[in-house]
Trainee: 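Right, I'll just put the structure down here and ask away after.
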Amino acid sequence: MMPIIGQYTISDVAKISSLLHERYGRIVRFSGLIGRPDLLFIYDADEIEKCYRNEGATPFRPSMPSLVKYKGEIRKDFFEDIGGVVGVHGEPWRQFRSRVQKPVLQLSTIRRYLKPLEVVTNDFLERCEQLLDENSELPEDFDNEIHKWSLECIGRVALDTRLGCLEPNLSPDSEPQQIIDAAKYALRNVATLELKAPYWRYFPTPLWTRYVKNMNFFVEVCMKYIGNATERLKQQGPSRDSEPSLLEKVILAENNEKVATIMALDLILVGIDTISMAVCSILYQLATRPAEQQKVRNELKRVLPDAETELSIQRLDQMHYLKAFIKEVFRMYSTVIGNGRTLQEDTVICGYRIPKGVQAVFPTLVTGQMEEFVSDSATFKPERWLKSSQGGTGDHLHPFASLPYGYGARMCLGRRFADLEMQILLAKLLRNYKLEYNHKPLDYAVTFMYAPDGPLRFKMTKVE
Ligand code: HEM
């Protein structure tokens, strides 16, 4: 199998995954990776369902070995035995997840952030207007601006603050610019650490040293803002007339700043790139599918007859087509191309007895497009996600074929925030502007996430 890999780079990971399926079938053992255990790719939604349903109380997702080393060895002084959720397993994972899961996923918490995130998004759209050139096009590096928006959103949620990333003309030594640079660095380089030969495990390569410095910076930023939030709570007490913030809930329940700091760090580490790359992908699909974009806008005009109308949870609840569009982009271009579990018991998969300890990979990008699990799978059709009363097509859709947020006890902790952030952005943007893309079509590639590879020079024009 190595010759197949030899001709590809990281950006081709998605291609490799689908090639493996084409050449070898429903179950593929992938061995011979330097410094890594064998991987077992499963291209069968029924078998994936079985694995997820039997995963037990402490599912093991083998991920981010660099973060595991950072938390468990390099900064054991700080993380001690409360490592957080990302890169943590077994009982310590279960304990931490059960401490933070309720406040993070509670609907009352999510509702509380609608207004603050709408304000961030209004600022972002104002900034987009300022960035338009004489042809009403956004600049080549527009993905950086989306990145800043997602940073600003996560700062509001996980650190109870406005970081200031959307301000124009940031000086290089300002904190927001440093945070932007650190997040950008992480995005560009973590893939190399995670997916290429991991020499950093044996000696500190320059990339590893910079990674540690970058992580230390994130830890410091989190400590600073969690410290501020605790101080505010001490001085003013929890707000009585409104829902407490996520941080307030965690600080009050735990009486331990470190838990809040580690939670915030985890949310930031996985909550910036995922959502910004997902937004890049969704906007590209909208801009290149004018008919579907018009359907989204028609729905928005019905729900928000006046473009200035503020959003509300009830209004978001009525945006069925917009939500279906997002799901369809995830089915065909899943931002996270796959998920995985280390099997905790010997398991029979596709008729083979697979020993415990093997790393099973669930390639959602491929299974989401397999005809046997999704009918008319090659057609982009948001309506497949709608109920028949909403104009749904009733296409067959295996519930485990397309799982962009994973499944079960370890499922994405930030999924409700992710959905909220994307819905707010799309509703505000498309109710007010038409989006076009008039350049060479872009290919998709994996940097760490799966997204269009190239300048997103969208044309943005005001609509009534
Ligand atoms: C569209 C954007 C996003 C996608 C596609 C995504 C996808 C995923 C996936 C596939 C997993 C693994 C789930 C599993 O093992 O079953 C995951 C885990 C996680 N995600 Fe997300 N995510 C997104 C946004 C976010 C955001 C915005 C946050 C934070 C606010 C976040 C926080 C987390 C955390 C903390 C975990 C680890 C959970 C654990 O291991 O217990 N994610 N995400």
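FYI, the numbering just counts along the sequence from 1.
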Trainee: Start with the C-alpha distance between Tyr225 and Leu247, add both sets of side-chain angles, then the distance that settles side-chain contact (heavy atoms from CB on, under 4.5 Å), and finish with yes or no.
Mentor: CA-CA 10 Å; Tyr225 286 104; Leu247 271 191; 6.0 Å; no
Trainee: Side chains of Gln177 and Asp181 only: does a donor on one sit below 3.5 Å from an acceptor on the other?
Mentor: yes
Trainee: Counting neighbours of NZ on Lys115 that are heavy atoms of other residues, nucleotides or ligands and sit closer than 6.0 Å, is the number greater than 12?
Mentor: yes
Trainee: Please report the interatomic distance CG(Asn432) to SG(Cys128), rounded to the nearest 0.5 Å.
Mentor: 11.5 Å
Trainee: Regarding Ser276 and Trp149, do their side chains bring together a donor and an acceptor under 3.5 Å, going by distance alone?
Mentor: no
Trainee: Tell me if a side-chain donor or acceptor on Glu243 pairs with a main-chain N or O of Arg112 at a distance below 3.5 Å.
Mentor: no
Trainee: Verify side chain to side chain donor-acceptor pair (under 3.5 Å) between Arg289 and Gln293, making sure each step is shown before the conclusion.
Mentor: CA-CA 6 Å; Arg289 297 179 187 275; Gln293 182 183 152; over 6 Å; no
Trainee: Taking the side chain from Arg341 and the backbone from Ala360, do they hold a donor-acceptor pair closer than 3.5 Å?
Mentor: no
Trainee: Kindly write out the residues that satisfy salt bridge (Lys or Arg N to Asp or Glu O under 4.0 Å) with Lys258, not counting sequence neighbours, or none if the list is empty.
Mentor: Glu80
Trainee: May I ask you to check whether over 12 heavy atoms, not counting those of Asn255, lie within 6.0 Å of atom CG?
Mentor: no
Trainee: If you look only at distance, which donor and acceptor atoms sit under 3.5 Å apart when one is on a side chain in residues 417-429 and the other is two or more places apart or in another chain?
Mentor:
from, atom 1, to, atom 2, distance (Å)
Asp419, OD1, Tyr405, OH, 2.9
Lys428, NZ, Glu118, OE2, 2.8

Trainee: Applying ring-ring contact (aromatic ring centres under 6.0 Å, His included), which residue pairs with at least one partner in residues 248-285 are found, sequence neighbours left out?
Mentor: Tyr284-Tyr437
Trainee: Taking only Lys NZ, Arg NE, NH1 and NH2, and the carboxylate oxygens of Asp or Glu, determine whether Arg127 and Glu145 approach each other closer than 4.0 Å.
Mentor: yes
Trainee: Starting from the C-alpha separation in whole Å, work towards a yes-or-no answer on side-chain contact (heavy atoms from CB on, under 4.5 Å) for Val303 and Thr309.
Mentor: CA-CA 9 Å; Val303 180; Thr309 319; over 6 Å; no
Trainee: Quick one: does Lys323's side chain have a donor or acceptor within less than 3.5 Å of a partner on Leu316's backbone?
Mentor: yes
Trainee: Where do Val374 and Gly368 come nearest, in terms of heavy atoms and distance?
Mentor: CG2-O, 3.5 Å
Trainee: Is there a side-chain contact between Leu304 and Met319, using heavy atoms and a 4.5 Å cut-off?
Mentor: yes
Trainee: Considering the options Val104, Asp266, Val270, which one meets the side chain to side chain contact (heavy atoms under 4.5 Å, CB included) requirement together with Leu413?
Mentor: Val104
Trainee: Got a donor-acceptor contact below 3.5 angstrom from the Ser281 side chain to the Met277 backbone?
Mentor: no
Trainee: Would you tell me whether Arg97 and Gln101 have side-chain atoms, one donor and one acceptor, within less than 3.5 Å of each other?
Mentor: yes
Trainee: Between the main-chain N or O of Ala182 and the side-chain N or O of Asn214, is there a donor-acceptor pair closer than 3.5 Å?
Mentor: yes
Trainee: Where the side chain of Ser334 meets the backbone of Arg331, is there a donor-acceptor pair that is under 3.5 Å apart?
Mentor: no
Trainee: Tell me whether the count of non-hydrogen atoms from other residues, nucleotides or ligands lying under 6.0 Å of CD in Glu345 goes above 12.
Mentor: no
Trainee: Are more than 12 heavy atoms from other residues, nucleotides or ligands located less than 6.0 Å from atom NZ of Lys462?
Mentor: yes
Trainee: Is any side-chain heavy atom of Pro65 less than 4.5 Å from a side-chain heavy atom of Arg201?
Mentor: yes
Trainee: For Asp317 and Arg315: C-alpha separation, side-chain torsions, deciding distance, then whether salt bridge (Lys or Arg N to Asp or Glu O under 4.0 Å) applies.
Mentor: CA-CA 5 Å; Asp317 283 346; Arg315 292 194 178 106; over 6 Å; no
Trainee: Atom CG in Leu322, atom NZ in Lys295: separation rounded to 0.5 Å?
Mentor: 13.5 Å
Trainee: Is the ring pair Tyr444/Tyr450 parallel, tilted or perpendicular, if the boundaries are 30 and 60 degrees?
Mentor: tilted
Trainee: Where do Pro59 and Trp93 come nearest, in terms of heavy atoms and distance?
Mentor: CD-CZ3, 3.7 Å
Trainee: Within a reach of under 6.0 Å around CD of Glu91, are more than 12 heavy atoms found that belong to other residues, nucleotides or ligands?
Mentor: yes
Trainee: Side-chain contact test, heavy atoms from C-beta onward, threshold under 4.5 Å: evaluate it for Val336 versus Met449 and give yes or no.
Mentor: yes
Trainee: For residues Val212 and Arg75, determine if any side-chain heavy atom of one lies less than 4.5 Å from a side-chain heavy atom of the other.
Mentor: no
Trainee: Specify the closest pair of heavy atoms between Leu442 and Gly454, including all atoms of both residues, with the distance to one decimal.
Mentor: CD2-CA, 3.9 Å
Trainee: So, do Val88 and Phe79 sit near enough that their side-chain heavy atoms are less than 4.5 Å apart?
Mentor: no
Trainee: Under the ring pair (Phe, Tyr, Trp, His ring centres under 6.0 Å) rule, collect the residues that match up with His398, sequence neighbours excluded.
Mentor: Phe373
Trainee: Output all residues satisfying ring pair (Phe, Tyr, Trp, His ring centres under 6.0 Å) with Phe78, sequence neighbours left out; order by chain, then residue number.
Mentor: none
Trainee: Given Arg99 and Glu254, is the salt bridge (Lys or Arg N to Asp or Glu O under 4.0 Å) satisfied, shown in steps?
Mentor: CA-CA 8 Å; Arg99 286 159 97 167; Glu254 294 293 333; 3.0 Å; yes
Trainee: Establish, from distance only, whether the side-chain atoms of Tyr407 and Arg53 form a donor-acceptor pair under 3.5 Å.
Mentor: yes
Trainee: Search all heavy atoms of Leu386 against all heavy atoms of Ala324 and return the closest pair with its distance.
Mentor: CD2-CB, 3.8 Å
Trainee: Would the distance check show the side chain of Gln344 and the main-chain N or O of Gly357 forming a donor-acceptor pair, the cut-off being under 3.5 Å?
Mentor: no
Trainee: Is there side-chain contact between Tyr211 and Leu67, with at least one heavy-atom pair below 4.5 Å?
Mentor: yes
Trainee: Distance-only, no hydrogens or angles: does the Tyr113 side chain make a donor-acceptor pair with backbone N or O of Leu246 under 3.5 Å?
Mentor: yes
Trainee: Could you pull out all residues at least two apart from Gln95 that satisfy side chain to side chain donor-acceptor pair (under 3.5 Å)?
Mentor: none
Trainee: If every non-hydrogen atom of Tyr433 is compared with every non-hydrogen atom of Val463, which pair is closest and at what distance?
Mentor: N-CG2, 3.7 Å
Trainee: Say whether, by atom type as modelled, one donor and one acceptor occur between the side chain of Thr109 and the main chain of Pro103 under 3.5 angstrom.
Mentor: yes
Trainee: Does Leu39 offer a backbone N or O that forms a donor-acceptor pair with the side chain of Gln359 under 3.5 Å?
Mentor: no
Trainee: For the atom pair NZ (Lys148) and CG (Leu170), what is the distance rounded to the nearest 0.5 Å?
Mentor: 6.0 Å
Trainee: Got Val86 and Leu269 here, is their nearest side-chain heavy-atom distance under 4.5 Å?
Mentor: no
Trainee: For the atom pair OG1 (Thr261) and CG (Leu159), what is the distance rounded to the nearest 0.5 Å?
Mentor: 9.0 Å
Trainee: As an exercise, state the distance from OG of Ser312 to CD of Gln318, rounded to the nearest 0.5 Å.
Mentor: 7.5 Å
Trainee: Does a salt bridge link Glu175 with Lys224, judged by any charged N lying under 4.0 Å from a carboxylate O?
Mentor: yes
Trainee: Quick check: do Ile349 and Leu40 have side-chain heavy atoms less than 4.5 Å from each other?
Mentor: yes
Trainee: Compare every heavy atom of Cys280 with every heavy atom of Asp143, then report the nearest pair and how far apart it is.
Mentor: CB-SG, 3.9 Å
Trainee: Any chance CG of Asn169 has more than 12 other-residue heavy atoms, nucleotides or ligands included, within less than 6.0 Å?
Mentor: no
Trainee: Once rounded to the nearest 0.5 Å, what's the spacing between atom NZ of Lys356 and atom CG of Leu343?
Mentor: 11.0 Å
